[in-house]
Amino acid sequence: MYWVCFGDSAKGCLAMARKALDPSLDVEQILALSDDYAQGDIRDVTDRAARADILVPWRGDPELGGKWQADYQAQHWKALEQLDEVDEAVIWYASGNALEQCGLRYVVSRLYQKHIPVWVVEVDWMPVQELSKSTPIDRKAGALGIITDSRVMNAVLRWMPQFLLRRYAARLERRSREARQKASPREGMMYFSTVGETAPDELPYFYKRRRQLTETEQAALLTEWARMQEKNSPLRAMVNGKVQSVLADFYDETILSCVPEEESHAALTIGRAIAKLDKTGNRVSDMLIFSRIRALGAAGRLEILQDGATYRDMTIRKIGG
């Protein structure tokens, strides 16, 4: 049995929860794919050259060491190769983002050819009252590590003392729960956009609802993946609750609506756009939005006043601002 998930955040969460969910599972049996199949050329996602700019879009960032980047890539390619060792799989994914939806389709299509049993754990809505029923996960055993969706923050957290990490983790978890409750359109419910958003003691609620995919369901996911590969659009996105192939400029209007009239760092626009797109069911990376800001600047749809290697260095504003 192997668990398959998407991203370091998800693996970190699952690694902490595994003993409560499946004591027989070793952490090495949790395979985390770090590539984003919602972006770029997906005709062959094992082609390292074709996937390099998507897997490591922040190459050249002076705050991220070369060794860390090399290790990050190596972990992904190792996990991808280990899919060939899977005898039975539990795929963890969130229903509301294109990255994990595309990942689900790819993994299922790969395992389907070998007739391997596939179970799925879908993360989405959770009643708030379930929190009182959850069993706290022991976070005191061993060293604590925190993995976020920010590569820069991950590098900083690696050097933080354990007692500070524990305080930081508790604060993040509390804020995350409060924000999800406030933002939820359903009273008494919390919504998770990604598996990595959950806390380890929230996972049993979803794990108890896991189910095995039928052969028909697996074949349907394989067909959808094949269609995406054939179309091979620059992006895949959530449209009306379904993952679809879209053009490269799909997010441009949302990004432009987040550009201030006065000169400001591009990081501000990126943060606003990520939050706004997340409400539409699209969890978009910072580097994807940064690349679109460059494209919009080149097209004369926003002003780049000061260019820079990173979005922390670049300043922009609305045309005529």
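- Atom CZ of residue Arg317 and atom OG1 of residue Thr269 lie 13.0 Å apart, to the nearest 0.5 angstrom.
- When the options Leu80, Leu33, Leu31 are evaluated for a side-chain contact (heavy atoms from CB on, under 4.5 Å) with Val107, the one that passes is Leu33.
- The neighbour count for Glu215 CD, taken as heavy atoms of other residues, nucleotides or ligands under 6.0 Å away, does not exceed 12.
- Of the charged side-chain nitrogens involved, none lies within less than 4.0 Å of a carboxylate oxygen, so that Lys11 and Glu28 do not count as a salt-bridged pair.
- The shortest heavy-atom contact between Gly103 and Tyr37 is CA-CD1, 4.0 Å.
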Checklist entry - What's the verdict on salt bridge (charged side-chain N to carboxylate O under 4.0 Å, His left out) for Arg292 and Glu253, showing C-alpha distance, side-chain angles and the deciding distance? => result CA-CA 11 Å; Arg292 293 311 304 167; Glu253 294 307 317; over 6 Å; no
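- Note that the CH2 atom of Trp92 and the SG atom of Cys5 stand 9.5 Å from one another [nearest 0.5 Å].
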Checklist entry - Could you walk me through whether Arg18 and Asp26 pass the salt bridge (charged side-chain N to carboxylate O under 4.0 Å, His left out) check? => result CA-CA 8 Å; Arg18 65 189 168 85; Asp26 188 90; 5.5 Å; no
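- Remark: of the listed residues Tyr93, Trp119, Tyr207, Tyr207 is the sole one forming a ring pair (Phe, Tyr, Trp, His ring centres under 6.0 Å) with Trp3.
- For Arg210, the CZ atom counts as densely surrounded, since its 6.0 Å shell holds more than 12 non-hydrogen atoms of other residues, nucleotides or ligands.
- A side-chain hydrogen bond (donor to acceptor under 3.5 Å, both in side chains) with Glu224 is found for exactly one of Gln244, Lys242, Gln101, Arg105, namely Arg105.
- If you chain together hydrophobic residues whose side chains sit under 4.5 Å apart, Leu268 and Leu302 never meet in one group.
- Between Leu203 and Cys13, the shortest heavy-atom distance links the atoms CD1-SG, 3.7 Å.
- Interatomic distance, CG of Asp36 versus CZ of Arg236, reported as 8.5 Å (0.5 Å rounding).
- Heavy-atom minimum distance, Asp87 versus Pro117: O-CD, 3.5 Å.
- Between Asp278 and Arg283, the closest heavy-atom pair is OD1-NE, 3.0 Å.
- To the nearest 0.5 Å, atoms CD1 (Ile316) and CD (Glu303) are separated by 10.5 Å.
- Nearest heavy-atom pair, Leu256 versus Lys318, reported as atom, atom and distance to 0.1 Å: O-NZ, 3.0 Å.
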Next on the checklist: Evaluate Asp84 against Lys114 for salt bridge (charged side-chain N to carboxylate O under 4.0 Å, His left out), listing each step before the verdict.
Outcome noted: CA-CA 9 Å; Asp84 292 332; Lys114 298 183 178 181; 3.5 Å; yes
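- Atom CG of Asn282 and atom OG of Ser193 lie 10.0 Å apart (nearest 0.5 Å).
- Residues Trp125 and Tyr205 approach most closely at O-CE2, 3.5 Å, considering heavy atoms.
- Val86 is not connected to Tyr112 by any chain of hydrophobic side-chain contacts under 4.5 Å among Ile, Leu, Val, Met, Phe, Trp and Tyr, and they are in different clusters.
- Cation-pi contact between Arg209 and Phe206: absent, since separation from the ring centre below 6.0 Å together with deviation from the ring axis within 45° is not met.
- When the options Ile255, Ile274, Leu235 are evaluated for a side-chain contact (heavy atoms from CB on, under 4.5 Å) with Leu288, the one that passes is Leu235.
- Rounding to the nearest 0.5 angstrom, the gap separating the CD1 atom in Ile304 from the CG atom in Leu296 is 8.5 Å.
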Item to check | side chain to side chain donor-acceptor pair (under 3.5 Å) evaluation trace for Tyr191 with Asp124 | outcome: CA-CA 5 Å; Tyr191 181 72; Asp124 49 16; over 6 Å; no
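- Cluster membership check: Leu222 does not share its hydrophobic cluster with Val4, using side-chain heavy-atom separations under 4.5 Å among Ile, Leu, Val, Met, Phe, Trp and Tyr.
- A side-chain donor-acceptor contact under 3.5 Å links Asp41 and Asn232.
- Neither Met238 nor Leu247 shares a network with the other; the hydrophobic side chains, linked directly or stepwise wherever heavy atoms of I, L, V, M, F, W or Y lie under 4.5 Å apart, form separate groups for each.
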